Amino acid sequence: MSENYVLQLQHIRKEYPGVVALKDVTLELKAGEILALIGENGAGKSTLIKCCSGAVIPTSGKIIVNGKEFSSMTPQLASENGIAIIYQEFNNVKELSAAENLFLGHPIRKGIIVDKKAMEAEAARAFEQLHIRINPKALMKDLTVGYQQMVEIAKAIQQNARILIMDEPSAPLTSAEVESMFEVVELLRSQGVSIIYISHRLEEIYRLSDRIVVIRDGEYVKTLITKDSQVEELIQLMVGRELTETYPPRGNCIDENEVILELKNLTGNGDKNISLKLHKGEILGLGGLVGAGRTELVEMIFGAVPKKSGQMVYKGRDIEPKSPREAIDLGIALVPEDRKRHGAMLGISIKNNINMPIYERDSHLSVVDEKLEMSTAEKYRDSMAIKTPNLHQLIKNLSGGNQQKVILGRWMAAKSELIIFDEPTRGIDVGAKYEIYKLMNDLVEKEGKSIIMISSEMEELMGMSDRIIVLAEGEVTGELSKEEFTQESIMTYASAAAKEEEIQ
Ligand SMILES: Nc1ncnc2c1ncn2[C@@H]1O[C@H](COP(=O)(O)OP(=O)(O)OP(=O)(O)O)[C@@H](O)[C@H]1O
Ligand SMILES: [Mg+2]
């Protein structure tokens, strides 16, 4: 029976001081299939697959690769046995070319000299095989995240990987990039590569996978055949309870008479003449395609990039924050999209991370109020269900999604009046999403704050916003009130500028 399986993880257990990341997980991968691995943030998905590469040594359990049994792996063993992993954060060298990254650690040599030409030729062939267009000489730092990921995949295939494990590969990608990634994944399956695919996006799981393994709290829950399963069932298996509503209800708490922020003809590098109003207690959604200028807009408001012209009126006063520091002092917060890069300080504790903006704001205070800090951190741990043994845990030891929750908690704790969320729930599991939505509701409803939310997830945009403003190519192309929300109308406005150009 076992000969059908290329990889078997049996009764894997992994203990860390104070945490049992995996209690007893079994997963079996068939030859040539795409097996989805799903579970809440902190369920143990990344830890489990790291056992296959030797990045994590299991406390107990067996790893069987093509019938060969191991108690743990090493990177060398993994590679010899045809296993490759595309990690949640990939580790390429930005200053080297795509070709050099492809051969990182085992360059082609001519005598003792590294043969750049040969590597470039090989890389070109490898990319072509995957139907991807990348110049082998291009520096990694000049490639989009999507292409960087393609290089990682090509590298795995170059090393003859027959088992490819992908940890949330779609999370950093734009929707067009996701499409190309799917094509590559499907091509690999057709070539007989067996794939484990981790994602929080259930529509991807349905599109790609043959079977699904669900884990919860470090324990194996169930294996399902994708085409015979229901979304509701998956969610229930993942979160352990039924989730009846996706978006928590919110009472009307908008104060139409109080405009907290008004933009008048705000112009930046890509953005042109953006005018909009945000009321107290309102959640304003910003829709649009990737590259529409939404991130630049909020970065101007946050003082992270300079405006060229136009006016920002905040609480009745003209403002022009020259730095995020100034914006924070004014009571404006931005929860950035790329939280790894901008947000989390990986080497410090959860408690200190959450209290960070408070330290900065009240830096004149010489006494740190330990009790208050602890209770603030506890409040956000509980409301967002941050999974951790204690609040002194370092951020880097948390699962990817839980790191994001800490960063969200940090900005919520900063007593800001205007909070801007850029893609707030990317990489966050369905259960935790609901908790974050509830927190956003509380912020406007109970605390009288105002929110601007950028989201590329149409459902989320419509589910959470009071009003949606759509941008295309740096301009406001439409404004929708709640009654007017439909996927079609948002898409029409989002592609409006492109259409006009075509007509001309
Ligand atoms: N080095 C470590 N030290 C202590 N605890 C750890 C360490 N690595 C992982 N953990 C804990 O193990 C658990 C499982 O984490 P893991 O990263 O595997 O989750 P995940 O399912 O991949 O979640 P996500 O969807 O958020 O990426 C978490 O509670 C995490 O805090
Ligand atoms: Mg993970």
Side-chain angles (χ1 to χ4, degrees), residues 9 12-27 35-59 61 72 85-91 149 165-172 196-202 204-205 212-221 234-235 237-240 339-340 343-344 346-351 353-354 377 381-382 384-409 423-436:
L9 300 169
I12 301 286
R13 183 177 178 85
K14 176 63 190 177
E15 296 172 11
Y16 288 107
V19 196
V20 184
L22 298 170
K23 290 184 187 118
D24 176 355
V25 179
T26 292
L27 170 156
L35 180 69
L37 173 59
I38 65 172
E40 289 184 291
N41 296 131
K45 303 177 296 296
S46 298
T47 307
L48 184 66
I49 58 135
K50 282 180 188 162
C51 293
C52 305
S53 67
V56 165
I57 306 297
T59 310
S72 68
I85 301 193
I86 313 291
Y87 285 109
Q88 228 166 337
E89 303 85 38
F90 26 88
N91 30 12
Q149 192 177 66
I165 305 175
M166 307 176 85
D167 196 353
E168 292 192 45
S170 60
I196 297 178
Y197 187 93
I198 299 178
S199 176
H200 288 292
R201 300 184 186 160
L202 298 180
E204 297 180 355
I205 303 294
I212 305 168
V213 170
V214 185
I215 63 173
R216 183 170 71 233
D217 273 338
E219 278 179 295
Y220 170 81
V221 177
L234 281 190
I235 293 178
L237 290 171
M238 267 197 296
V239 302
R339 286 181 263 280
K340 271 284 148 43
L346 297 176
I348 73 170
S349 75
I350 300 171
K351 187 196 78 175
N353 239 304
I354 289 183
R381 176 196 58 198
D382 297 345
M384 285 189 287
I386 296 174
K387 195 166 176 288
T388 174
N390 61 65
L391 292 165
H392 300 290
Q393 184 68 266
L394 301 183
I395 301 292
K396 65 172 183 221
N397 291 337
L398 295 184
S399 78
N402 280 297
Q403 293 183 357
Q404 300 211 15
K405 293 190 211 168
V406 173
I407 303 309
L408 280 172
E423 307 283 3
T425 61
R426 188 172 278 179
I428 287 185
D429 71 58
V430 277
K433 266 187 184 174
Y434 186 78
E435 300 306 320
I436 287 171

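We count ligands from 1, going down the list as the structure has it; atoms in each ligand are counted the same way. Bear in mind that the values here come from a model prediction, so they are computed numbers and not experimental data.
When A432, S46, A43 are checked for heavy-atom proximity to atom 22 (O) of ligand 1, S46 turns out nearest.
Of all the heavy atoms in G44 and L22, the pair that sits closest is O-CD2, 3.4 Å. Contact between S170 and S199 at its shortest, heavy atoms only, is OG-OG, 4.0 Å. For the pair I428 and I436, the tightest heavy-atom approach, listed with the atom from each and the gap, is CD1-CD1, 3.4 Å.
Protein heavy atom nearest atom 12 (O) of ligand 1, with residue, atom name and distance: A21 CB, 3.2 Å. Scanning all protein heavy atoms for the shortest distance to atom 27 (O) of ligand 1 gives Q88 NE2, 3.1 Å. What sits closest to atom 16 (P) of ligand 1 on the protein, heavy atoms only, is T47 OG1, 3.5 Å. For atom 31 (O) of ligand 1, the closest non-hydrogen atom on the protein side is N397 O, 2.9 Å. Protein heavy atom closest to atom 19 (O) of ligand 1, with residue, atom name and distance, is S399 CB, 3.2 Å. Of all protein heavy atoms, the one lying nearest to atom 23 (O) of ligand 1 is G42 N, 2.8 Å.
Judged by distance alone, the side chains of S53 and Y87 do bring a donor and an acceptor atom under 3.5 Å apart.
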- Message: What verdict does the side chain to side chain donor-acceptor pair (under 3.5 Å) test give for N41 and S399, after you've listed the backbone C-alpha separation in whole Å, the side-chain angles of each residue and the deciding distance to 0.1 Å?
- Response: CA-CA 6 Å; N41 296 131; S399 78; 5.1 Å; no
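With salt bridges taken as basic N to acidic carboxylate O contacts below 4.0 Å, none links E435 and K433. A salt bridge links E423 with R426; the closest basic N to acidic carboxylate O contact falls under 4.0 Å.
For the ligand labelled ligand 1, residue G44 lies inside the 4.0 Å heavy-atom shell. Heavy atoms of E168 approach ligand 1 to within less than 4.0 angstrom. Residue E40 places a heavy atom less than 4.0 Å from ligand 1. Contact analysis leaves T388 out of contact with ligand 1, as no non-hydrogen atom separation drops below 4.0 angstrom.
Here the CD1 atom belonging to I215 is positioned 6.5 Å from the NZ atom belonging to K45, to the nearest 0.5 angstrom.
Among the backbone and side-chain atoms of S46, an N/O/S atom is found under 2.8 Å from the Mg ion (ligand 2).
Less than 4.0 angstrom separates some heavy atom of H200 from each of these atoms of ligand 1: 25 (O). Every atom of ligand 1 with a heavy atom of K387 under 4.0 Å away is listed here by number and element: 29 (O). Set against the non-hydrogen atoms of N41, the atoms of ligand 1 under 4.0 Å away are 23 (O), 24 (P), 25 (O), 26 (O). For ligand 1, the atoms sitting less than 4.0 Å from at least one non-hydrogen atom of L398 are 31 (O), numbered in the order shown with element in parentheses.
At a threshold of 4.5 Å between non-hydrogen side-chain atoms, the residues I205 and I38 count as touching. Residues L35 and L27 form a side-chain contact, since some pair of their non-hydrogen atoms from C-beta on lies under 4.5 Å apart.
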